[in-house]
Amino acid sequence: MRMAEVSTKFELSQDTLRYYERIGLLPPVNRNKSGIRDYTEENLRWVEFIKCMRNAGLPIEALIDYVGLFQQGDETLEARKELLIEQRDQLIIRMEDMKSTLERLNDKITRYEQTVREKEKTLTRLENEYDEENRK
């Protein structure tokens, strides 16, 4: 699959794909006779993995470490697992922080809605009083 197709499929810019390859996040992508990148299924799995991990907030450095360990083979299984566990724990903390922020935003929105309702009631009462006075 060509880079443009990969870019579209994963909604990543071609510059981002080149960057991931340059810094070692993606194993080198094969090129055809014309020098155009030709992504394999394995490359696509790596792109999908990287995108998923980046969307979860994992830092590039952690992913570079993971890929480096992966390339060293099965003797790094435990180290890779530990790295993933550490990143998961950090993600849980970020999610808890985000949940707390979401609750605070929801409370603030609720207060604004209550304020608007109170102002609308006051305005309606004042309009009714005005109408009653003008009927007299």
A.B. asks: Among side-chain atoms of Tyr19 and Asp15, is any donor-acceptor pair under 3.5 angstrom?
C.D. replies: no
A.B. asks: Between Arg80 and Asp65, is any pair of side-chain heavy atoms under 4.5 Å apart?
C.D. replies: no
A.B. asks: For the atom pair CG (Leu105) and CD (Glu103), what is the distance rounded to the nearest 0.5 Å?
C.D. replies: 10.5 Å
A.B. asks: With a sphere of 6.0 Å drawn around CD of Gln114, does it hold more than 12 non-hydrogen atoms of other residues, nucleotides or ligands?
C.D. replies: yes
A.B. asks: List the atom of Leu25, the atom of Ile50, and the distance in Å for their closest heavy-atom pair.
C.D. replies: O-CD1, 3.4 Å
A.B. asks: Indicate yes or no: at least one non-hydrogen side-chain atom of Lys119 is less than 4.5 angstrom from one of Thr115.
C.D. replies: yes
A.B. asks: Using the rule that two of Ile, Leu, Val, Met, Phe, Trp, Tyr join whenever any of their side-chain heavy atoms come within less than 4.5 Å, decide whether Leu26 and Ile36 are in one cluster.
C.D. replies: no
A.B. asks: Looking at Asp97, I'd like to know if its CG atom is crowded, meaning that more than 12 non-hydrogen atoms belonging to other residues, nucleotides or ligands lie closer than 6.0 Å.
C.D. replies: yes
A.B. asks: Is there a side-chain contact (heavy atoms from CB on, under 4.5 Å) between Asn30 and Tyr39 once you walk through the steps?
C.D. replies: CA-CA 7 Å; Asn30 294 329; Tyr39 287 77; over 6 Å; no
A.B. asks: Kindly indicate whether the side chain of Arg45, heavy atoms from C-beta on, has any atom under 4.5 Å from the side chain of Glu42.
C.D. replies: yes
A.B. asks: Any heavy-atom pair between the side chains of Tyr20 and Leu63 that's under 4.5 Å?
C.D. replies: no
A.B. asks: Looking at CD of Glu118 and CD of Glu113, how far apart are the two atoms once the value is rounded to the nearest 0.5 Å?
C.D. replies: 12.0 Å
A.B. asks: According to a 4.5 Å side-chain heavy-atom criterion applied to Ile, Leu, Val, Met, Phe, Trp and Tyr, with indirect links allowed, do Leu58 and Met95 form part of one hydrophobic cluster?
C.D. replies: no
A.B. asks: Compute whether any side-chain donor of one residue and acceptor of the other, for Thr40 and Asn43, lie under 3.5 angstrom apart.
C.D. replies: yes
A.B. asks: Does CZ in Arg104 sit with more than 12 non-hydrogen atoms of other residues, nucleotides or ligands closer than 6.0 Å?
C.D. replies: no
A.B. asks: Are the side chains of Arg2 and Glu5 in contact, using a 4.5 Å heavy-atom criterion?
C.D. replies: yes
A.B. asks: Enter the distance from Ile23:CD1 to Glu61:CD here, rounded to the nearest 0.5 Å.
C.D. replies: 8.5 Å
A.B. asks: Between Met98 and Met53, is there shared hydrophobic-cluster membership here, with clusters defined by ILVMFWY side-chain heavy atoms closer than 4.5 Å?
C.D. replies: no
A.B. asks: Would Leu84 and Arg88 count as a side-chain contact (heavy atoms from CB on, under 4.5 Å) if you check the C-alpha gap in whole Å, the side-chain angles of each, and the deciding distance to 0.1 Å?
C.D. replies: CA-CA 6 Å; Leu84 293 174; Arg88 180 197 58 198; over 6 Å; no
A.B. asks: If you take all heavy atoms of Thr76 and Leu69, which pair is closest and at what distance?
C.D. replies: OG1-O, 2.6 Å
A.B. asks: Just how far is it from atom CE of Met3 to atom CD of Glu21, taken to the nearest 0.5 Å?
C.D. replies: 6.5 Å
A.B. asks: So, taking the atom named CD1 in Ile85 and the one named CD in Gln87, what distance separates them when rounded to the nearest 0.5 Å?
C.D. replies: 11.5 Å
A.B. asks: When you measure from the side chain of Asp38 to the backbone N and O of Met1, does any donor-acceptor pair fall under 3.5 Å?
C.D. replies: yes
A.B. asks: Can any side-chain N or O of Lys51 pair as donor or acceptor with the backbone N or O of Leu12 at less than 3.5 Å?
C.D. replies: no
A.B. asks: Can you tell if the side chain of Leu91 reaches within under 4.5 Å of the side chain of Arg94, non-hydrogen atoms only?
C.D. replies: yes
A.B. asks: Is the shortest side-chain heavy-atom distance between Lys81 and Leu77 below 4.5 Å?
C.D. replies: no
A.B. asks: Is it true that Glu129 and Arg125 make a salt bridge, defined as a side-chain N closer than 4.0 Å to a carboxylate O?
C.D. replies: yes
A.B. asks: Measuring centre to centre across the rings, with the benzene-like ring taken for any Trp, is Phe70 within less than 6.0 Å of Trp46?
C.D. replies: yes
A.B. asks: Would you say the ring centroid of Phe49 lies under 6.0 angstrom from that of Tyr66?
C.D. replies: yes
